[in-house]
2 protein chains.
Amino acid sequence: MKNKKIKASNSQNEAKKTTKEKIFDASVDLFSKKGFSDVSVREIAKEAGIREGSIYNHYKNKEAILDAIINYFKSEFNKSSLPEEEGANLMDQGPEVFFVGGAKMFMDRINIPQMEKIWRLVCIETYRNEKIREFFNKEILEEPIAGLENIFKIMIEKKMIKPVDPRTLAYEYWSFAIFLFFEYFILKYHEDFDSYMNQGLEKMIEHTRFMLDAVKI
Amino acid sequence: MKNKKIKASNSQNEAKKTTKEKIFDASVDLFSKKGFSDVSVREIAKEAGIREGSIYNHYKNKEAILDAIINYFKSEFNKSSLPEEEGANLMDQGPEVFFVGGAKMFMDRINIPQMEKIWRLVCIETYRNEKIREFFNKEILEEPIAGLENIFKIMIEKKMIKPVDPRTLAYEYWSFAIFLFFEYFILKYHEDFDSYMNQGLEKMIEHTRFMLDAVKI
DNA sequence: GTCTATACTTCGATAGAC
DNA sequence: GTCTATCGAAGTATAGAC
């Protein structure tokens, strides 16, 4: 579970990259730093080490590069979503193990270098890009909350926690995670990356403790 | 306390506006919709009903307009911060009255038409603009949390709530408010404004109830 | 202080030689 | 598929008449 992070610096070696990959990676880098609108095709070409015109042999236009990044993000995001049975197993070990374990797994997903940049990109472009916004609302806001609501419902049925409204609990739990996204990727993005990511996990665990304390039987 | 909102549609009547105000208001409008980088000086001039060149008689450049908006926002934000004694009075009526009353007052501050647009602008430009980011971190994140920490400390001393770590409580309470900012101004901004603002207040009140339930004696 | 006109720059995208 | 060269559009900003 730990060596998932190594995998030869995320994708291919720098040397083996195709031109299309170079354009893709350069765009991820620049878009995540400055935002889509403040990056020019010239910059992307320079960063990728090719001429401007060559970009259009691989992508129809600038927008198409962003689309490709979004699609990559979506597929990676869905690829690594928590399998149903694994969750059920964790839950039997008690609520704390379930949530702390879940938070760690989730952080591991974000912590892949290339994906971390795209997470930042997603956060800063959500206001402007409708595709990203729809994805965010559906897959990062509504679906997790619906899933959590279900989990809390089960926990209540199993008398693992107090019978508080499961929807409220889900919202209380997950809104904190969204807050951490924005705190990390927007408010604190430039302040020493590594330590901040670890702080995020600790904060999420502390939040989990507070919530479970509030509803424990 | 309620008629603060009327005040002749926020600022001057449309007819009486100076050119500088027209430029300012047009910029607020456009920046809050599309973001600073995606708005041109030409657009601002058109929206303000003047010629492009005339803008430079009032502002040094495009960036200076944004600076003026930020400064206006800061001064309005500080102008309306909660007076110390009023808070103490509210607190004596119990935690629920204090927080529900506080949430309402806070929402009233945002709900002024011109300020609502600037709040949106602040939320979407935070990642890009260092002045906004510093302001957000200091005045919307750290200071409120420090203030809340103090309030929870007093409540614990007065034995109004359980002796949970006040810093944790402050973070638990305020992170939800920040989440609501982002949910409202980024994720749901175009989905029927008025009802969403009201929902926000209800959500904040529900959150307050959950938290107070968790720490009540 | 506003207008017309325009300078100057940068941008996204394309054409055509290799 | 990459390069050179360049186009047309759009951007910021300035000059000068009124």
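In what follows, every chain begins at residue 1, and chains take the letters A, B, ... in the order their sequences are listed.
Residue B:I55 is out of contact with every strand shown, counting any heavy-atom pair closer than 4.0 Å.
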All N/O donor-acceptor pairs, side-chain side in residues 166-179 of chain B, below 3.5 Å, sequence neighbours left out:
{"residue": "B:R167", "atom": "NH1", "partner": "B:E149", "partner atom": "OE1", "Å": "2.7"}
{"residue": "B:T168", "atom": "OG1", "partner": "A:E206", "partner atom": "OE2", "Å": "2.7"}
{"residue": "B:T168", "atom": "OG1", "partner": "B:D165", "partner atom": "OD2", "Å": "2.8"}
{"residue": "B:Y171", "atom": "OH", "partner": "A:E183", "partner atom": "OE1", "Å": "3.3"}
{"residue": "B:Y171", "atom": "OH", "partner": "A:E183", "partner atom": "OE2", "Å": "2.8"}
{"residue": "B:Y171", "atom": "OH", "partner": "A:K203", "partner atom": "NZ", "Å": "2.6"}
{"residue": "B:E172", "atom": "OE1", "partner": "A:H207", "partner atom": "ND1", "Å": "2.9"}
{"residue": "B:E172", "atom": "OE2", "partner": "A:H207", "partner atom": "ND1", "Å": "2.7"}
{"residue": "B:W174", "atom": "NE1", "partner": "B:I140", "partner atom": "O", "Å": "2.7"}
{"residue": "B:S175", "atom": "OG", "partner": "B:Y171", "partner atom": "O", "Å": "2.9"}
{"residue": "B:S175", "atom": "OG", "partner": "B:E172", "partner atom": "O", "Å": "3.4"}

> Can you give one letter per nucleotide of nucleotides 11-18 of chain C, going 5' to 3': B for a protein heavy atom under 4.0 Å from the base, S for sugar-phosphate only, - for none?
Replying inline: BBBB----
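Applying the salt bridge (charged side-chain N to carboxylate O under 4.0 Å, His left out) rule to B:K33 yields the partners B:D29; only residues at least two apart in sequence or on another chain are considered. Residues satisfying the side chain to side chain contact (heavy atoms under 4.5 Å, CB included) test with B:T126, not counting sequence neighbours, are A:I186, A:L187, B:V122, B:I132, B:R133, B:F136. Residues satisfying the salt bridge (charged side-chain N to carboxylate O under 4.0 Å, His left out) test with B:E63, not counting sequence neighbours, are none.
Among residue pairs with one or both ends in residues 35-58 of chain A, those qualifying as ring-ring contact (aromatic ring centres under 6.0 Å, His included) are A:F31-A:F36; sequence neighbours excluded.
Closest to the side chain of A:I50, from the set D:dG1, C:dC3, D:dC3, is D:dC3.
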>> With ring pair (Phe, Tyr, Trp, His ring centres under 6.0 Å) as the criterion, how do B:F73 and B:F24 come out once you've worked through the C-alpha distance, each side chain's angles and the decisive distance to 0.1 Å?
In response: CA-CA 12 Å; B:F73 176 76; B:F24 184 95; over 10 Å; no
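If you measure from atom CG of A:D38 to atom C1' of D:dT12, you get 14 Å, rounded to the nearest angstrom. As a whole-Å value, the separation of B:E21 CD from C:dG1 C1' is 15 Å.
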